[in-house]
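Source: prediction; values computed, not measured. We count ligands from 1, going down the list as the structure has it; atoms in each ligand are counted the same way. Along the sequence shown, residues carry numbers from 1.
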Amino acid sequence: MSTQSGELVIISGDRIKFVPKFIKSLQVRIATLLILFVVLSCFFLRVGILKSYEQRSVAVRTAEIQNQCTILGNQLVSSNYLENTDSAVINAELSQLSNLYNGRVVVIDDEFRILKDTYNLQEGKTIVAEDVVKCYRGEQTVNYDEENRYIEIGTPIFDSDGKRVLGMMLISVSTQSILNNVAFLETNADIWSFCICLVTALAAVLVGILLVRPLKRMSHSIEEMTKFEGNYLHENAYNETSQISDAFNRLWERFKLLDESREEFVANVSHELKTPLTSMKVLCDSLLVQPDVPVEIYQEFMGDLSEEIERENKIINDLLALVKLDKTGGNLNIQSQDINALVERILKRLRPLAQKSNIELIFESYRSVIAEVDEVKLALVVTNLVENAIKYNKENGWVQVSLNADHKYFYLKVTDSGIGIPQEETEHIFERFYRVDKSHSREIGGTGLGLSIVRNAVIMHRGAIKVHSELGEGTTFNVRIPLNYIAK
Ligand code: ADP
């Protein structure tokens, strides 16, 4: 169900969800996707860049301090500081290093005794920590404590040959300055991200409007076309819209053709139905205006009236048959039928009509044919073809109906010795209300609908019909219908 602001959608079972209308808007979806994409990109970029900046800064600082430690370690050895810690120069350098990095420098001898602590907290004490032991083994250690924001570096102090470990140096430096930089960059990144998101939001709305505009134009043009104000759809902004436009134009063309043929059909029907009525009116009026009309004239006029009523009746019956064929296109009552028997029954019924003009009706059956057909509709085919062959024949002529079959189809051929159809007219005779010689056809009670009915019924059986005619010589209709009904 659709409401002004959205629609109710059943998602599963009885659960009903309200979907606001704007969510289904392509424009909103494009804009949201763009904004989401940029916001997520900004977020990941911000996190990624800041993290790698922090790691890089810590690595650079660590390398820097390790360098300083190595240089200082060499000085400690050369000035024999591990034996005597009184050297003012070295102590000053140790203090300087401590101040420079806002940290603590601890010098330990090879017996794990703290010789110097720039914080003056543990001098003279023994220290046996994991890092110290590693340094004693000649390894350098680095620990970055992210939580407490400091780097702890342990460096062994080698003798002048670089072989024996004489002592260790432990340095803990604060990473606060690095983190201050990170915080500064973070603020900057936030401001820039906000600006980028704002610009993106504006751009997204604009892009959404621009991208959807051709679709809106299409919908407007279609709206115009439904009011018969626009002609065709020409939206070539995208390949896809061109394709939709072409497909829609083809559909529109078909619709117009259908509409035209419907209008033509209604006009033809009205005209055909009016003609007998006009004749009836003329007959009645001419009787009414004359006083004392002799009985013979009455009888003659009544006979004419009866003929016109008969004609009106035939047109209505044919129209009903045609409409029924159109409507029940998919509803064939298919059953296995003996086609020979069916044709014989119809010929028997039409024999009196043929005898009136002394026309010989011949049935030539090559084999017995059993086929899956709709009996009523196939009877319409045979009746109309044989009736036409009799109606458009000459006095003392003949009509030959032949029935044959192969493994796939059965073939019905109706040949007559009649008046024939001009070559250029044969392609039109299956059209509704089409008659070659209108007055002659009317005279013999034609409605112009018979062959339309025939063609529709044949097509419904997935068959084909062809006509061959020689003017003045005669006409042959060839019908081919599958023995087994082919359901689509
Ligand atoms: P109608 O009711 O006028 O016979 P049909 O649709 O059956 O209408 O036939 C259309 C026209 O085709 C007829 O008016 C006639 O001119 C021509 N026609 C049909 N069958 C024959 C035939 N066997 N011989 C000559 N003309 C024919």
Side-chain angles (χ1 to χ4, degrees), residues 261 264-265 268-269 271-276 279 307-326 343 346-347 349-351 353-354 356-364 377-402 412-460 464-479:
S261 82
E264 196 186 307
F265 181 63
N268 283 339
V269 168
H271 176 75
E272 293 299 325
L273 289 177
K274 259 179 91 180
T275 316
S279 309
E307 259 175 38
E308 290 302 331
I309 291 169
E310 182 56 37
R311 193 174 146 62
E312 185 90 28
N313 200 24
K314 187 162 176 6
I315 297 173
I316 290 169
N317 283 340
D318 277 3
L319 271 172
L320 286 177
L322 198 63
V323 171
K324 221 168 154 195
L325 277 182
D326 279 350
V343 175
I346 292 168
L347 292 186
R349 200 155 42 77
L350 291 175
R351 208 144 258 142
L353 181 72
K356 270 192 199 166
S357 312
N358 200 22
I359 290 167
E360 192 186 357
L361 263 186
I362 310 152
F363 180 39
E364 208 172 48
K377 285 165 189 120
L378 190 71
L380 280 175
V381 174
V382 184
T383 310
N384 273 299
L385 289 179
V386 179
E387 226 177 59
N388 277 352
I390 298 169
K391 281 191 311 189
Y392 301 103
N393 217 317
K394 297 168 190 160
E395 211 48 45
N396 307 319
W398 51 264
V399 173
Q400 189 184 46
V401 180
S402 72
L412 182 83
K413 190 157 111 176
V414 180
T415 312
D416 63 56
S417 60
I419 57 174
I421 306 165
Q423 194 61 41
E424 63 282 5
E425 309 266 3
T426 49
E427 56 183 296
H428 298 295
I429 54 171
F430 295 101
E431 291 167 16
R432 290 161 178 175
F433 297 112
Y434 193 87
R435 281 164 290 195
V436 176
D437 181 345
K438 228 171 165 79
S439 58
H440 178 60
S441 169
R442 256 182 66 79
E443 234 169 70
I444 51 178
T447 61
L449 294 171
L451 287 179
S452 288
I453 295 172
V454 169
R455 192 186 52 178
N456 280 14
V458 170
I459 288 172
M460 282 170 77
I465 181 162
K466 277 190 183 144
V467 58
H468 175 76
S469 189
E470 289 285 335
L471 198 58
E473 298 277 314
T475 308
T476 301
F477 283 93
N478 284 302
V479 176

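- For the pair R432 and E272, the salt-bridge criterion is not met [side-chain N within less than 4.0 Å of a carboxylate O].
- For atom 20 (N) of ligand 1, the candidate residues are N388, V467, L449; the nearest heavy-atom contact is made by N388.
- Counted within 6.0 Å of CD on E395, heavy atoms from surrounding residues, nucleotides or ligands total more than 12; the atom is thus considered enclosed.
- Within the 4.5 Å cutoff, the side chain of F477 has no heavy atoms near those of the V386 side chain.
- Residue nearest to atom 9 (O) of ligand 1, selected from V454, L451, D437: L451 (by heavy-atom distance).
- The contact set between ligand 1 and R435, taken as ligand atoms under 4.0 Å from a residue heavy atom, comprises 3 (O), 14 (O).
- Below 4.0 Å from some heavy atom of V436 lie the following atoms of ligand 1, by number and element: 14 (O), 16 (O), 17 (C).
- The shortest heavy-atom distance from K391 to ligand 1 is under 4.0 Å.
- Residues forming a side chain to side chain donor-acceptor pair (under 3.5 Å) with S469 (at least two apart in sequence, or on another chain): T475.
- In this structure a side-chain-to-backbone donor-acceptor pair under 3.5 Å is missing from N313 to I309.
- Heavy-atom proximity to G448, at under 4.0 Å, picks out these atoms of ligand 1: 1 (P), 2 (O), 3 (O), 6 (O), 8 (O).
- Close contacts between ligand 1 and T447 involve ligand atoms 1 (P), 2 (O), 3 (O) [criterion: under 4.0 Å to a heavy atom].
- The distance from ligand 1 to the heavy atoms of Y434 drops below 4.0 Å at these ligand atoms: 10 (C), 11 (C).
- Ligand 1 lies within reach of I421, whose nearest heavy atom is under 4.0 Å from it.
- Judged as a ring-ring contact (aromatic ring centres under 6.0 Å, His included), and not counting sequence neighbours, the contacts of H428 are Y434.
- A side chain to side chain contact (heavy atoms under 4.5 Å, CB included) with V381 is found for exactly one of V414, V454, I465, namely V454.
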